[in-house]
Undergrad: 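I'd like to ask some things about the structure below.
Every chain is numbered from 1 and lettered A, B, ... according to where its sequence line falls, protein lines coming before strand lines.
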2 protein chains.
Amino acid sequence: MRRTAEDERIEERRRGPIPAEVDLAIEALVNDIIGKVADKWTMLILEALEEHGVLRFTQLGRAVGGISQKMLTQTVRQMERDGLVRRTVHPVIPPRVDYELTPLGASLGAAVCGVWIWAETHHAEIEQARRAFAAGRTVAEGVS
Amino acid sequence: MRRTAEDERIEERRRGPIPAEVDLAIEALVNDIIGKVADKWTMLILEALEEHGVLRFTQLGRAVGGISQKMLTQTVRQMERDGLVRRTVHPVIPPRVDYELTPLGASLGAAVCGVWIWAETHHAEIEQARRAFAAGRTVAEGVS
DNA sequence: CCGTATCCTCCGAGATACTG
DNA sequence: CAGTATCTCGGAGGATACGG
């Protein structure tokens, strides 16, 4: 996802700071949150931590699978910033850092879980729709 | 979203269709679906159609807000392909095309709605977490 | 082991112009 | 009006190397 949420807010401000637009401000924030949540790695990390509870850095990376260190750090930092995960540093040698979901993160996990379940429930329908679409889309759609 | 982890699994599947990996194949598909759903424009279009019911191309564009024709076409096509929206072409002049959610799309809308509600419910906590994070993790200084 | 810093690639996505 | 085609560009994100 590209940086678009900020742009929207900036745009909004540019268009006119109408006093009664507090709701819109919140809407923008919510939009921003959606943008964050709608990130692939965020969702996968959420799932990994939901399933395994507490994980160390590399463990988390392996649990997610196919993620670069950069993205792992970056995403997990963002999640920490948003209060979704708690990061615990153990000042020992070798270094050890534990990651786990906060209650807030867990609640998000529950919400996202709904989407996940939807995907698992309806993936067959989607596959079917894709095949139907690929088969022939020149099929006349009746104008009711 | 860049093509990364799924590609590997898809590749894996292409290289060798091992029977016992059907679960992994489905998991990959579900992952793919999540990736699709986790798209900003998809979610916004979903919301727009959920709220307005049936919309024409430009109406949909305006309802979403800040989307280019290209992305609108592209995203809506993908959604049509996945069976989430139905596209109805009226062979009249001037051309007219209607978009609306399929039952499948509506069910996804319901699931995503849960995440939306979560965002609306917890945005204050996230803001607070962000402030706390920005303030510094050393000492919890009261934010007046 | 846990990151941060750097480079580099590549594709998402906007703008524009054109067709049916 | 509804799309397609083409160009361009920013920046997301992978790979790598190094610091603590």
Undergrad: Using OP1 and OP2 only, check whether a side-chain N or O of A:T58 sits under 4.0 Å from C:dC2.
TA: yes
Undergrad: Nearest-Å distance, CD (B:Q59) to P (D:dC1)?
TA: 11 Å
Undergrad: For a 4.5 angstrom cut-off between non-hydrogen side-chain atoms, does A:T42 reach A:K36?
TA: no
Undergrad: Less than 4.0 angstrom between a side-chain N/O of A:R96 and OP1 or OP2 of C:dC2, yes or no?
TA: no
Undergrad: Of the options D:dG14, C:dA13, D:dA2, whose atoms approach the side-chain atoms of B:P95 most closely?
TA: D:dA2
Undergrad: Taking atom CZ of B:R56 as the centre, report whether more than 12 heavy atoms of other residues, nucleotides or ligands fall under 6.0 Å from it.
TA: yes
Undergrad: Determine yes or no for a side-chain-to-main-chain donor-acceptor pair under 3.5 angstrom, with A:D82 supplying the side chain and A:L84 the backbone.
TA: no
Undergrad: Just the atom pairs and distances: protein N or O near nucleotides 4-8 of chain C's N or O, under 3.5 Å.
TA:
| from | atom 1 | to | atom 2 | distance (Å) |
| --- | --- | --- | --- | --- |
| C:dT4 | OP1 | A:R77 | NH2 | 2.8 |

Undergrad: C:dC2 phosphate, OP1 or OP2: any side-chain N/O from A:R56 under 4.0 angstrom?
TA: yes
Undergrad: More than 12 heavy atoms of other residues, nucleotides or ligands under 6.0 Å from CD of B:Q128: yes or no?
TA: no
Undergrad: Taking side chain as C-beta onward, heavy atoms only, is B:F57 less than 4.5 Å from B:T73?
TA: yes
Undergrad: In whole angstrom, what separates B:M71's CE from C:dG12's P?
TA: 8 Å
